[in-house]
Amino acid sequence: MLGCGGYLPDRIVTNAELAKQVETSDEWIIERTGIRERRVAAEGEKTSDLAIAASERALAKAGIGADALDMIIVATSTPDNTFPATATRVQAELGALKAWAFDQQAVCSGFVYALATADAYLRSGMAETALVIGAETFSRILDWEDRGTCVLFGDGAGAVVLRAEDGAGATSDRGILATDLNTDGRYADLLYVDGGPSSTQTVGKLRMHGREVFRHAIVNLAETAEKVIERAGVDASDVDWIVPHQANIRIIAGTAKKLGVPMDRVVVTVDRHGNTSAASIPLALVDAVESGRIKPGELLLMEAMGGGMTWGAALVRW
Ligand SMILES: CC(C)(COP(=O)(O)OP(=O)(O)OC[C@H]1O[C@@H](n2cnc3c(N)ncnc32)[C@H](O)[C@@H]1OP(=O)(O)O)[C@@H](O)C(=O)NCCC(=O)NCCS
């Protein structure tokens with residue numbers, strides 16, 4: 001990984017502000033989710049705008065120009081339009097005209113899915129340099145009258161630049177060491193958007209059975225994490241940082257506990273960002289890299305679960 005960058009919209013929405021709109025409280029939200037505030041995109045600010053801003057920062061950190069990119073994946077469930085892919089606008093605005101670009105949709109697991117996809121392209125030799133972005137404007141698909149969901153999500157984008165390099169085949173190699181992806185479509189009704197071009201011809205709103213999602217989360221996340229750890233031939237005690245999807249502090253802490261990783265080795269941004277779906281892992285990564293907590297050579301475990309139901313993990317040496 002050559003570099004990462006993130007972007008958050010300016011507008012901060014606190015729990016206190018939400019408590020004026022729906023029957024909730026700062027205390028309830030903090031206690032049940034760990035969220036204190038989230039960002040909301042400005043009127044007219046699109047998912048692609050957030051993605052472009054994050055990508056420009058990631059490219060600058062990577063020290064390469066957009067013309068070096070072979071491929072761009074935008075992981076998103078809140079695209080600008082039904083089509084073309086949000087990634088096409090990102091490609092054009094960045095001036096990455098050599099790159100093919102497409103969106104990938106695995107909801108909150110989107111970044112892990114996109115990372116695994118880019119990894120496969122790089123390993124196959126089809127691409128040498130890839131830009132992987134998680135970008136969302138979930139504020140646009142929330143039912144702002146449903147207190148069970150509107151307090152949970154936020155907007156933002158994060159991006160990473162990947163370049164294929166020969167490794168020694170050892171666990172000390174830098175980059176993506178192992179990935180694991182899972183889907184169980186039988187649970188699609190637990191977390192979904194009740195609209196779409198082919199069903200209702202509307203955008204729809206997010207619907208969730210929170211308690212049920214919660215029930216699946218820790219078991220699935222610990223399982224996929226254990227799989228990548230085993231696949232890479234390392235031990236859970238070798239993991240320097242968990243960089244988890246930021247849905248709920250209780251899910252983050254429960255998964256870390258199951259893996260035996262102490263909370264001071266877990267990157268937490270859910271308090272400030274809420275759940276930014278596919279953007280949450282790269283935003284957490286940027287937060288920890290830019291604050292100097294994650295250092296080159298450290299072993300990172302990324303894990304996520306989302307609508308679909310989808311879940312997965314990636315083990316990355318930074
Ligand atoms: C949504 C979530 C925070 C709710 O917490 P919970 O402890 O499971 O709470 P429950 O859903 O059991 O609801 C308990 C009560 O709180 C109420 N409640 C829900 N949201 C509330 C809010 N924002 N403020 C106050 N009360 C709220 C419910 O109406 C319910 O009241 P009732 O018992 O009178 O019906 C929790 O289920 C969760 O985080 N689930 C996972 C969601 C998630 O991460 N999704 C994204 C995955 S990518």
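Values reported hereafter were calculated over all heavy atoms of this structure, with side chains retained and with hydrogens, waters and symmetry mates removed. For ligands, and for the atoms within them, numbers begin at 1 and follow the listed sequence.
Remark: the T137 side chain and the S139 side chain contain no N/O donor-acceptor pair separated by less than 3.5 Å. With no hydrogens or angles considered, no side-chain donor-acceptor pair links T276 and E136 at under 3.5 Å. A side-chain donor-acceptor contact under 3.5 Å links Y113 and T183. A donor and an acceptor atom, one from each side chain of T76 and Q105, are nowhere located under 3.5 Å apart.
Taking the salt bridge (charged side-chain N to carboxylate O under 4.0 Å, His left out) definition, one finds that D240 meets it with nothing, sequence neighbours left out.
Inclusion of R211 in the set of residues having an N or O under 3.5 Å from an N or O of ligand 1 is warranted. Checked by distance only, ligand 1 and G210 come closer than 3.5 Å through their nitrogen or oxygen atoms. Residue R147 has at least one N or O atom closer than 3.5 Å to an N or O atom of ligand 1. Between T24 and ligand 1, at least one N/O pair is under 3.5 Å apart.
In this structure, atom 30 (C) of ligand 1 has its sub-4.0 angstrom surroundings free of protein heavy atoms. Distance check for atom 18 (N) of ligand 1: a protein heavy atom is found below 4.0 Å. For atom 27 (C) of ligand 1, the protein comes within 4.0 Å by at least one heavy atom. The nearest protein heavy atom to atom 33 (O) of ligand 1 is not closer than 4.0 Å. Under the 4.0 angstrom criterion, atom 24 (N) of ligand 1 counts as having a protein heavy-atom contact.
Classification of D70 and K98 as a salt-bridged pair holds, one side-chain N sitting under 4.0 Å from a carboxylate O. A salt bridge does not link K205 to D146: none of the charged side-chain nitrogens sits closer than 4.0 Å to a carboxylate oxygen. R293 has a carboxylate O that lies under 4.0 Å from a charged side-chain N of D287, or vice versa, which qualifies the two as a salt bridge. Here E298 does not pair with K295 in a salt bridge; the nearest charged N to carboxylate O distance is not below 4.0 Å. Salt-bridge check for R36 with D271: failed, with every basic side-chain N at 4.0 Å or more from each acidic carboxylate O.
When E23, H209, R215, R250 are checked for heavy-atom proximity to atom 5 (O) of ligand 1, R250 turns out nearest. When the options L152, N248, T310, V213 are ranked by their closest heavy atom to atom 39 (O) of ligand 1, first place goes to N248.
Those atoms of ligand 1 that come under 4.0 Å of a heavy atom in V151, given as number and element, are 23 (N). Atom numbering of ligand 1 starts at 1 in the shown order; those under 4.0 Å from a heavy atom of R32 are 7 (O). Distances below 4.0 Å separate heavy atoms of H245 from the following atoms of ligand 1: 48 (S). Proximity to C108 (heavy-atom distance under 4.0 Å) selects the following atoms of ligand 1: 48 (S). Proximity to T33 (heavy-atom distance under 4.0 Å) selects the following atoms of ligand 1: 3 (C). Taking a cut-off of under 4.0 Å to the non-hydrogen atoms of M305, the atoms of ligand 1 that pass are 48 (S). Near G148, the atoms of ligand 1 lying under 4.0 angstrom from a non-hydrogen atom of the residue are 1 (C), 20 (N).
Given atom 15 (C) of ligand 1, the protein heavy atom at minimum distance is W28 CZ2, 4.6 Å. Here the heavy atom of the protein found nearest to atom 44 (O) of ligand 1 is A247 CB, 3.3 Å. Regarding atom 46 (C) of ligand 1, its nearest protein heavy-atom neighbour is N275 ND2, 3.6 Å. The single protein non-hydrogen atom nearest to atom 45 (N) of ligand 1 is M208 SD, 3.2 Å, given as residue, atom name and distance.
Other residues, nucleotides and ligands contribute more than 12 heavy atoms inside 6.0 Å of the CD atom of Q201.
For residues 2-18, the pairs satisfying salt bridge (charged side-chain N to carboxylate O under 4.0 Å, His left out) are R11-E17, with sequence neighbours left out.
T86 pairs with exactly one of D103, N81, I52, I133 by the side-chain contact (heavy atoms from CB on, under 4.5 Å) rule, that one being D103.
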